[in-house]
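Lettering follows sequence order; numbering is per chain, from 1.
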Amino acid sequence: MASEESAGRLNFIEQIIAEHEASGRFGGRVQTRFPPEPNGYLHIGHAKSICLNFGLAAKYGGKCNLRFDDTNPTKEEDEYVRAIEEDVRWLGFDWGEAALFASDYFGQLYEWALKLIQDGKAFVCDLSFDEMREHRGTLTEPGRESPYRDRSVEENLDLFARMKAGEFPDGSRTLRAKIDMAAANLNLRDPVMYRILHATHHRTGDAWCIYPMYDFTHGQSDSIEGITHSICTLEFENHRPLYDWYLDALEIYHPQQIEFARLNLTYTVMSKRRLLQLVAEGLVSGWDDPRMPTICGLRRRGYTPAAIRNFCDLIGVAKFNSTIDVVQLENSVREDLNRHAPRVMGVLRPLRVVIENYPEGESEELEAVNNPEDESAGTRPVPFSRVLYIEETDFMEDAPKKFFRLAPGREVRLRYAYFVTCTDVVKDADGRITEIRCTYDPATRGGNAPDGRKVKGTIHWVSAEHAVQAEVRLYDHLFAVPDPNEVAEGQDWTDHLNPQSIEVLSGAMVEPSLASAEPGARFQLERTGYFCVDSVDSRPDRLVLNRTVSLKDTWAKVQKQQLQKK
RNA sequence: UGGGGAAUAGUGUAACGGCAGCACGAGUGACUCUGGAUCACUUAGUCUAGGUUCAAAUCCUAGUUCCCCAGCCA
């Protein structure tokens with residue numbers, strides 16, 4: 001399936017698939033699955049796995065199942081199932097008819113447990129939680145066999161049936177595989193197959209009070225579904241021998257488990273536990289807080305599915321435990337939005353400008369390009385009048401030579417409009433600048449001078465009387481340090497939260513075309529960044545914009561360099 | 001101190017005994033009605049020490065560092 005030229009670019013999983021194709025192990029078939037546990041929201045790390053699994057299926061002409069690994073009723077909820085489905089779909093993937101659930105296999109799993117008991121490979125153990133831990137041994141010392149290990153098949157069958165019937169309280173007994181208490185791999189020291197849990201399951205309700213463990217479920221689920229390549233993260237590498245053991249003992253179809261390194265991002269925490277804590281403690285506004293690395297957070301932030309897919313593609317797949325620089329993610333949205341987002345003008349921190357020689361009470365419409373990267377996007381009219389707003393940072397009273405924007409006596413271009421020259425600066429009693437006075441050159445209408453003279457700077461603007469006020473939310477990294485997981489003695493990871501991760505600007509002014517923007521609409525505020533209309537808080541009469549990511553800012557870089565020189 | 005994994009420019013990722021390449025970053029320049037975008041150039045790497053070989057990132061030996069495992073979580 002892989003083309004000749006990309007043959008050298010295969011990642012290690014594709015290489016394994018190629019070997020299987022050569023050996024004929026799976027008859028040329030490739031089938032994968034994405035197996036989330038419905039106990040939390042999906043995040044960008046899951047996106048890596050989703051893109052990998054669905055991507056492989058698409059590349060090799062196979063299919064990828066969405067299967068919920070719902071074997072623990074105490075943690076799993078329907079809300080998460082719906083959210084996960086929505087997120088996977090939004091990312092652009094399709095799992096066919098319906099999502100699958102490990103809980104659909106509870107009946108079959110029970111039958112298989114019976115078979116292992118009958119084969120003398122499983123037993124009911126009465127050890128308490130603490131006793132079992134004591135028997136397990138340590139990393140360096142072997143464990144001791146359970147005193148219940150040699151029960152007869154009949155007794156095991158009877159006890160297991162009564163466990164299922166609900167005769168015993170939670171934690172009183174388990175069904176365990178009989179493997180090897182001296183195994184160096186702790187997972188092989190007679191692992192628990194079933195535990196007693198009198199809990200209501202989100203799908204099977206109260207039909208069961210015994211639930212299979214992950215290890216006794218996952219491989220068999222893969223087997224039932226005819227999965228060929230069961231791709232999971234590195235921490236399951238130690239579980240592979242057990243995955244294989246169950247499949248072999250059961251003598252059923254045997255998929256190949258392959259482990260890869262999960263995604264880590266700088267300035268981000270990715271563990272479900274920590275993300276849950278951020279939400280539960282109100283450290284963020286919710287799972288979909290635009291600063292969260294969750295799929296719904298990124299969506300609300302303005303990220304596109306294509307940007308996320310492209311990012312996942314770019315970072316590659318390997319077994320090395322790496323941390324990707326978050327700028328890589330940011331770069332992926334910029335790249336996508338640059339090509340597709342319509343341009344619009346808006347000032348975040350308005351500074352009033354009066355064009356002294358422009359007639360009072362008059363206005364006109366200028367033509368602005370919607371997207372210089374896409375001619376088919378066309379143009380739109382933008383109103384111009386005597387009083388405008390420009391960006392506060394686009395004016396400097398005492399400007400260095402490298403500052404190409406407005407300053408007393410300097411001429412700049414107002415984008416798509418006219419050349420203007422600053423003639424005066426108006427200040428209040430405290431010496432704060434309240435207004436800039438300018439003159440404009442009527443001959444430069446549209447932005448070009450007939451005499452051919454050039455200006456170094458072009459700045460954006462909005463007409464004061466036509467402008468729409470908006471609340472703009474500027475986001476920065478949720479954490480102030482590259483690795484929030486690294487905490488010093490006596491510190492907590494939440495101490496690394498970035499107090500400047502959100503800045504709300506309530507008085508932004510944007511061009512009137514934005515008045516009708518739909519929730520979720522994405523666009524570029526020229527020279528500033530990419531923004532989207534907040535899907536939760538924005539109202540027709542109260543526009544709320546989220547900054548997805550800023551534009552690259554060469555001027556900021558120049559300033560930084562000059563600061564460093566000093 | 002047992003077992004299982006992993007180490008290639010700043011960050012990621014290729015090269016499968018035969019020219020260490022690519023992306024992002026960083027730097028320089030060109031261009032530009034976004035200090036955006038684009039284009040060109042530059043920078044910078046095989047964990048260490050031995051060995052095998054005409055030839056080693058790749059094979060061998062010894063070491064170093066990092067990650068995972070002692071849930072009736074997944």
Asker: Between A:Trp112 and A:Phe216 (judged by ring centroids, cut-off 6.0 Å), do the two rings come close enough to count as a pair?
Answerer: no

Asker: Think A:Arg9 has a side-chain N or O under 4.0 angstrom from the OP1 or OP2 of B:rU13?
Answerer: no

Asker: Under 4.0 Å between a side-chain N/O of A:Ser322 and OP1 or OP2 of B:rU13, yes or no?
Answerer: yes

Asker: Any chance you could list the contact pattern along nucleotides 67-72 of chain B? Use B for base contacts, S for sugar-phosphate-only contacts and - for none, protein heavy atoms under 4.0 Å, 5' to 3'.
Answerer: SBBBSB

Asker: At less than 4.0 Å, is any side-chain N or O atom of A:Thr74 found next to OP1 or OP2 of B:rC73? Yes or no.
Answerer: no

Asker: Is A:Tyr214 stacked on the base of B:rA74, with ring centres under 5.5 Å apart and planes under 30° apart?
Answerer: no

Asker: Does the pair A:Phe106 and A:His201 meet the rule for a ring pair (Phe, Tyr, Trp, His ring centres under 6.0 Å), with working shown?
Answerer: CA-CA 12 Å; A:Phe106 281 173; A:His201 187 275; 5.6 Å; yes

Asker: Between A:Leu263 and A:Phe311, is there a side-chain heavy-atom distance shorter than 4.5 Å?
Answerer: yes

Asker: Cation over ring, A:Arg203 on A:Phe101, under 6.0 Å and within 45°?
Answerer: yes

Asker: Going by the glycosidic torsion and a 90 degree boundary from 0, is the base of B:rG71 oriented syn or anti?
Answerer: syn

Asker: Could you measure between the two P atoms, the one in B:rG17 and the one in B:rA23, and give it in whole Å?
Answerer: 26 Å

Asker: Can you confirm if the aromatic rings of A:Tyr214 and A:His218 lie within a centre distance of less than 6.0 Å?
Answerer: yes

Asker: Return the nearest nucleotide to the side chain of A:Glu37; candidates are B:rA74, B:rA37, B:rU34.
Answerer: B:rA74

Asker: Can you check whether A:Phe12 and A:Phe260 have ring centres sitting under 6.0 Å from each other?
Answerer: no

Asker: Nearest whole angstrom, please: distance from the P of B:rG35 to the CD of A:Glu391.
Answerer: 12 Å

Asker: What integer distance in Å separates A:Lys48:NZ from B:rG12:P?
Answerer: 11 Å

